[in-house]
Asks: 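Here it is, the structure, as structure tokens.
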Amino acid sequence: MEKKQTIWNKSDRQALDAFCEDYRKFLSASKTERENVTNMTAELRAAGAVSLEEVIASGKKPAPGDLIYSDVMKKSLVIFRIGKRPLTDGLRLLGAHIDSPRLDLKQHPLYEDNNLAMMETHYYGGIKKYQWVTVPLALHGVVAKKDGSIVEICIGEKPSDPVLGVSDLLIHLSANQMSKKVSDAVTGENLNILVGSIPLEGQEKEAVKARILDILKAEYGIEDDDFVSAEIEAVPAGEARDYGLDRSMIMGYGQDDRVCAYTSFRAIMDLADPEYTGICVLADKEEIGSVGATGMHARFFENILAEMMELMGCYSELELRRLLTKTKVLSSDVSAGFDPNYPEVMEKNNCAYMGKGPVFNKYTGSRGKSGSNDANAEYIAFLRNLMDEGGIIYQTSELGKVDEGGGGTIAYILANLGMEVIDFGVPVLNMHAPWEISSKADVYETYRAYKVFLK
Ligand code: MN
Ligand code: MN
């Protein structure tokens, strides 16, 4: 009998494990969009990349093989690998997002309630609120001070650090809570983080809060009002871990969509000499509708592309529009993996399975594909051929059964510019939960698939 080919038995296992260990470490160290940009920029610099601003200042025309990057307000990142063909022949674009669901601190977060110091949060993105109570949380982010300085915050990651969290009601007094719908059992307004309980000596009013403010002043130089100009995210504390007795998976926070961001990043880093210019766009704000100046709806991508065309001596508004329509895109975002505990939401002929490789979603959306990018058959045929020639194991899926729910990615936004686009990424379990799960086989095969696409 012929042996069935799987990613596990066809792959160089040493290379697969090494890649996934790099990914696990990256994931542990990159829990916010800003940290993601900072850590990738450091790797880019180490690999000899230069910023677009530096290239513009030098006035030098980029050459094939050059690695050039530009960040957008430190929260989105665009990376170019210059190809042998002229820019105007079109580009190969990998687009992922680097924001993930979490609890953001409000602008006036700190208060005291019966000798406990608490912090108010406003959740970001689609979360099942009950999943975020009783898990250890860390605070990551920045405080921008009036004098222009930035204070970086990261509390709860070192083994010696304290952790924080949101409490839940004890089962003994939960008769009322347990009779509610799951969506109402924990409310958004109740996702307050407990941060302290010792009163400040000699202080009469709100002494516990006063002591927390003392600590923040002493350790970070920040005051109560400084939270107004801060972006601090409460995220699950601790490292991403190997998952499963056979260590075949990774459990970590923010794999939607840093698993596709990292594999896209590595693909463009490891691609020395492509035919077409490759671009990796790592966008912020996907989880709240790709809004704001750093979200995919903003014009930063077109602006950066225009700058690059100017450097190459080929910019005009018309050439830019033409270039966009000649560009092929993989919207690299995660999809739902089949979960044996919840088979009822999937239709088994059209769903993604863990370990069976990156997954094409021709469309996402909900209620009759509404809001989706419905990729062209011709483009999918082109990609099928590319993947087969590259020896990639891949699968196709829908996001659950018809009318079971739905979702979206940045695919439709890129398609609006006239590019060929399809969603193509890693299937995960526990999507949007504090700890999400991916298969190492899928992570590695996705990286290989992105390389084949860019090449
Ligand atoms: Mn996503
Ligand atoms: Mn998501």
Side-chain angles (χ1 to χ4, degrees), residues 23 26-27 30-33 36-37 75-77 93-104 122-129 131-132 233 235-236 240 250-265 280-292 294-297 301 329-337 339 345 351-352 354 358-366 371-373 375 397-400 404-415 421-439 442-443 446-447 449-450:
Y23 166 57
F26 175 83
L27 195 59
S30 309
K31 293 192 176 179
T32 68
E33 47 288 317
N36 198 110
V37 168
K75 298 203 278 193
S76 290
L77 188 62
L93 192 158
L94 293 170
H97 67 92
I98 52 177
D99 60 316
S100 296
R102 70 220 179 208
L103 309 181
D104 285 339
H122 195 142
Y123 67 96
Y124 173 97
I127 61 166
K128 291 162 89 169
K129 299 176 194 87
Q131 294 177 332
W132 291 75
E233 308 178 9
V235 297
I250 288 174
M251 175 181 250
Y253 165 69
Q255 300 201 69
D256 175 8
D257 184 32
R258 290 185 199 114
V259 66
C260 296
Y262 184 76
T263 44
S264 297
F265 172 74
C280 182
V281 177
L282 305 169
D284 180 27
K285 297 282 185 281
E286 191 274 345
E287 296 294 357
I288 58 167
S290 298
V291 293
T294 55
M296 208 62 230
H297 278 301
F301 169 63
V329 184
L330 292 180
S331 164
S332 36
D333 206 343
V334 296
S335 192
D339 184 338
V345 300
C351 74
M354 301 294 282
V359 52
F360 284 107
N361 280 88
K362 184 177 188 297
Y363 43 83
T364 54
S366 56
S372 83
N373 160 60
S397 86
E398 296 208 359
L399 189 58
E404 194 67 49
T409 64
I410 61 168
Y412 74 98
I413 306 165
L414 297 169
V421 186
I422 189 167
D423 283 305
F424 186 54
V426 176
V428 300
L429 301 180
N430 296 0
M431 198 194 295
H432 285 206
W435 300 100
E436 301 173 313
I437 294 157
S438 62
S439 156
D442 297 333
V443 174
T446 300
Y447 156 69
Y450 290 164

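Both counts, for ligands and for their atoms, begin at 1 and track the order of listing. For the numbers below, each heavy atom of this structure counts, side chains included, while hydrogens, waters and symmetry mates do not.
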Asks: Considering only heavy atoms from C-beta outward, does the side chain of K129 approach that of Y123 to under 4.5 Å?
Replies: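 A side-chain contact exists here, since the closest heavy-atom pair is under 4.5 Å.
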
Asks: Restricting to side chain to side chain donor-acceptor pair (under 3.5 Å), what partner residues turn up for D442, sequence neighbours left out?
Replies: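 For D442, no residue satisfies side chain to side chain donor-acceptor pair (under 3.5 Å) once neighbours in sequence are set aside.
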
Asks: Begin from the C-alpha positions of E33 and R102 and carry the test salt bridge (Lys or Arg N to Asp or Glu O under 4.0 Å) through to its verdict.
Replies: CA-CA 12 Å; E33 47 288 317; R102 70 220 179 208; 3.0 Å; yes

Asks: List the residues meeting ring-ring contact (aromatic ring centres under 6.0 Å, His included) with Y363, not counting sequence neighbours, and say none if there are none.
Replies: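 Y363: no ring-ring contact (aromatic ring centres under 6.0 Å, His included) contacts found.
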
Asks: Can you list the residues that meet the side chain to side chain donor-acceptor pair (under 3.5 Å) rule with E286, with sequence neighbours excluded?
Replies: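 Once residues adjacent in sequence are excluded, the partners of E286 under the side chain to side chain donor-acceptor pair (under 3.5 Å) criterion are H97.
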
Asks: Using a distance threshold of 2.8 Å, what protein N/O/S atoms lie below it relative to the Mn ion (ligand 2)?
Replies: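 Atoms qualifying: D256 OD2, E287 OE1, E287 OE2, H432 NE2.
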
Asks: Should the pair F26 and F265 be assigned to parallel (<30°), tilted (30 to 60°) or perpendicular (>60°) ring geometry?
Replies: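 Parallel.
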
